[in-house]
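Input: a single structure, listed below in structure tokens.
Sequence lines set the chain letters: A, B, ... in the order given, protein chains first and strands last, and positions in each chain run from 1.
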Amino acid sequence: MQYGLMKSEPAVFSIDSLARAPRKRSHWDGVRNYQVRNMIRDEMKKGDLAFFYHSSCEVPGIVGIARIVKEGYPDPTAFDPTHDHHDPKSDPANPTWYMVDVELVEKFATPVTLDMLKANADKLSDLLILRRGNRLSITPVTAAQWQKVTKLAR
DNA sequence: GCCAACGTTGGC
DNA sequence: GCCAACGTTGGC
């Protein structure tokens with residue numbers, strides 16, 4: 001995939017949670033959408049970079065950059081009946097849900113807010129996060145979009 | 001809390 | 001396979 005964007009609700013898992021994690025690494029678990037599962041399982045490669053996006057919060061926007069450090073493997077929380085994201089239909093012998101591991105690369109000094117992204121919609125046409133009704137928690141980002149957003153962060 | 005948009009489920 | 005009902009997401 002090379003470049004992507006990963007959404008998270010900061011109340012659940014924020015960029016600061018990732019910064020505090022051992023070696024600044026964490027599982028990206030809980031994905032329960034087939035399109036996103038396919039991306040995680042088939043397309044995200046070690047070394048790929050992703051914008052870390054905070055959603056459903058006071059100031060939604062891109063707050064930093066993470067790197068994929070482990071490619072797709074079965075998400076064990078799907079098999080855990082006590083877990084929020086438990087899925088009784090996922091068979092450990094043939095897992096439905098996958099996750100990747102990510103590592104913090106950079107927390108932006110100033111986030112690139114959703115407002116800023118919208119204000120630059122002319123340059124960021126087709127950035128999927130700006131598209132109406134887009135609900136995928138992980139979306140691909142083109143190299144051109146990556147450069148432009150990175151510039152906005154500086 | 002509201003609402004638009006979309007995914008999933010289940011009856012037929 | 002269709003489609004209505006329902007659940008979830010996410011900005012506002």
For this session: Return the minimal non-hydrogen interatomic distance between A:F79 and A:P95, and the atom names on each side.
Result: CZ-CB, 3.9 Å
Exercise. Which heavy atom of A:V100 sits nearest a heavy atom of A:M6, and at what distance?
Worked result: CG2-CE, 4.1 Å
Nearest-Å distance, [atom1] ([X]) to [atom2] ([N])?
{"X": "A:R32", "N": "B:dG7", "atom1": "CZ", "atom2": "P", "value": "18 Å"}
{"X": "A:N134", "N": "B:dG7", "atom1": "CG", "atom2": "C1'", "value": "13 Å"}
{"X": "A:D87", "N": "B:dT9", "atom1": "CG", "atom2": "P", "value": "9 Å"}
{"X": "A:R37", "N": "B:dG7", "atom1": "CZ", "atom2": "P", "value": "15 Å"}
{"X": "A:W97", "N": "B:dT8", "atom1": "CH2", "atom2": "C1'", "value": "10 Å"}
{"X": "A:L136", "N": "C:dT9", "atom1": "CG", "atom2": "C1'", "value": "11 Å"}
{"X": "A:D84", "N": "C:dT8", "atom1": "CG", "atom2": "P", "value": "11 Å"}
{"X": "A:I138", "N": "B:dG7", "atom1": "CD1", "atom2": "C1'", "value": "17 Å"}

Exercise. Should A:Y53 be listed as having a side-chain N or O under 4.0 Å from OP1 or OP2 of C:dG11?
Worked result: yes
Exercise. For A:K7 and C:dG10, is the shortest distance between a side-chain N/O and OP1 or OP2 below 4.0 Å?
Worked result: yes
Exercise. What's the closest nucleotide to the A:Y34 side chain, out of B:dT8, C:dC12, B:dG7?
Worked result: B:dT8
Exercise. Taking the side chain of A:S55 as heavy atoms from C-beta outward, which of C:dC12, C:dG10, B:dG7 is closest to it?
Worked result: C:dG10
For this session: Just call it for A:S56: base, sugar-phosphate, or nothing, with non-hydrogen atoms closer than 4.0 Å on any strand.
Result: base
Seminar exercise, completed: Separation between CZ (A:R67) and NZ (A:K24), nearest 0.5 Å, reads 11.5 Å
Exercise. Does any N or O in the side chain of A:N120 come within less than 3.5 Å of the main-chain N or O of A:M116, such that one atom is a donor and the other an acceptor?
Worked result: yes
